[in-house]
Amino acid sequence: MPELPEVEVVRRGLAQWVTGREIASAEVLHPRAIRRHVPGADEFTARLKGREVLSAERRGKYLWLRLSGAEEALMAHLGMSGQLLVVDQDSPLEKHLRVRVRFEDGGPDLRFVDQRTFGHVMVTPLVGGVPEPISHIAPDPFEAVFDEAEFARRLRARHTEIKRALLDQSLISGVGNIYADEALWMARLHWARPTHTLTRPKIDELLGAVRTVMASALRAGGTSFDSLYVNVNGESGYFERSLEVYGRRDLPCSRCGTPIRREPFMNRSSYSCPRCQRRPR
DNA sequence: CGCGGATCCTGCCTGC
DNA sequence: TGCAGGCAGGATCCGC
């Protein structure tokens, strides 16, 4: 479940191992991996051949490699189980290898491996430095262009629950189920709290919690609990041990000792402390 | 038009 | 042991 910190770990790995290298060839091993690349697999591989990787960039959970020549990028979304691995070209092909990129220098491949196939990759134009398909995505809270007043205004204009809003990438990007639960616990907010009832100071507190939790996860190299999320070298992060509520049903809240509850939410789970995070009436 | 629910997909885990 | 069902969930699509 890669969210912003996990994707940032991957981006850093790609910046280190892939930038400055020229793509020799690309191979699509599963068509679903490029389903958002409308012109299809042959066009995808043709667009990549001979291009140099100029930089690795990210907004929210999306990352992309800027390419030489036309203003285009190889963009990736990891979905639930996607991995971008930098592995020796001679290493055995992974069971769930979807796209393989080889380089002119004969160095390690870039491989997109994705068990559950929710992730995807595509070649896309850059518009103002951002991939065209994600122009509707809001900046993430670590970007300089993230506007707190604008976020607060748009949040309060919504008629929905706070957790739904946090997961809405057009309002704030990079937050997924794990860090939404963690930030809400830190800010002592119940997930069902109506957005229009939040005060500006409370919104700022929540935003601070989102940043604190994500920055902490990034320092730990990301979160992993089923080994599906790994950095480009296949290594897992250590943030799981720092989680306060996510996945901790019936375990004591570290603030008050009350057992953490799990509730169904949007066809998945929401974890919270029944005492610290009172359900709105 | 805004909101909320269904859907996609595979492997692991649990319970019968 | 084997099998069925639950669970994980980001983004997109669709209906109200």
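Letters go in sequence order (proteins before strands), and every chain restarts at 1.
Computed from coordinates, the A/Q115 CD to C/dG10 P distance equals 16 Å when rounded to whole Å. If you measure from atom NE2 of A/H120 to atom P of B/dT10, you get 17 Å, rounded to the nearest angstrom. B/dC9 atom C1' lies 9 Å from atom CZ of A/R98, rounded to whole Å. Note: CG (A/L171) to P (B/dG4) measures 13 Å, nearest angstrom. For A/L167 and B/dC3, the CG to C1' distance is 14 Å, given to the nearest whole Å. Rounded to an integer number of Å, the gap from CE of A/M80 to C1' of C/dC7 is 9 Å. Atom-to-atom, CG of A/L63 to P of C/dA11 comes out at 12 Å; the value is rounded to the nearest Å. To the nearest angstrom, C1' of C/dA11 lies 11 Å from CE of A/M75.
Under 4.0 angstrom from either OP1 or OP2 of B/dG5 there lies at least one side-chain N or O belonging to A/R164. The phosphate of B/dG11 has OP1 or OP2 within less than 4.0 Å of a side-chain N or O from A/H96. Note on A/Q169: every side-chain N or O is 4.0 Å or more away from OP1 and OP2 of C/dG10. OP1 or OP2 of C/dA11 has at least one side-chain nitrogen or oxygen of A/H77 nearer than 4.0 Å. For the pair A/K95 and B/dT10, the criterion of a side-chain N or O lying under 4.0 Å from OP1 or OP2 is not met.
In this structure, the nucleotide among B/dG4, B/dC3, B/dC9 sitting nearest to the side chain of A/T160 is B/dG4. Closest approach to the A/R158 side chain among B/dC9, B/dC3, C/dG10 is made by B/dC3 (side chain taken as heavy atoms from C-beta onward).
Ranked by how close their nearest DNA chain C nucleotide is to the 5' end, A/R262 and A/Y62 are led by A/R262.
A salt bridge links A/E143 to A/R59: one of the charged nitrogens lies within less than 4.0 Å of a carboxylate oxygen. Ion pairing of A/R32 with A/D114 is absent here, as no side-chain N (NZ or NE/NH1/NH2) approaches a carboxylate O to less than 4.0 Å. At a threshold of 4.0 Å, the pair A/E94-A/R111 counts as salt-bridged, since one of the basic side-chain nitrogens sits closer than that to a carboxylate oxygen.
Counting any heavy atom pair closer than 4.0 Å across all strands shown, A/R36 reaches sugar-phosphate atoms only and no base atom.
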>> Between A/L184 and A/H190, is the side-chain contact (heavy atoms from CB on, under 4.5 Å) condition met? List the steps.
In response: CA-CA 7 Å; A/L184 289 168; A/H190 190 277; over 6 Å; no
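The stretch residues 264-274 of chain A comes close to DNA chain C through A/R268, A/S269, A/Y271, each having a heavy atom under 4.0 Å from the strand.
Here the straight-line distance linking atom CG of A/D140 with atom CE of A/M214 works out to 8.0 Å at 0.5 Å rounding.
For A/Y179 and A/E6, the side-chain atoms include at least one donor-acceptor pair closer than 3.5 Å.
The only option from A/R278, A/E263, A/R188 that meets the side chain to side chain contact (heavy atoms under 4.5 Å, CB included) definition with A/S272 turns out to be A/E263.
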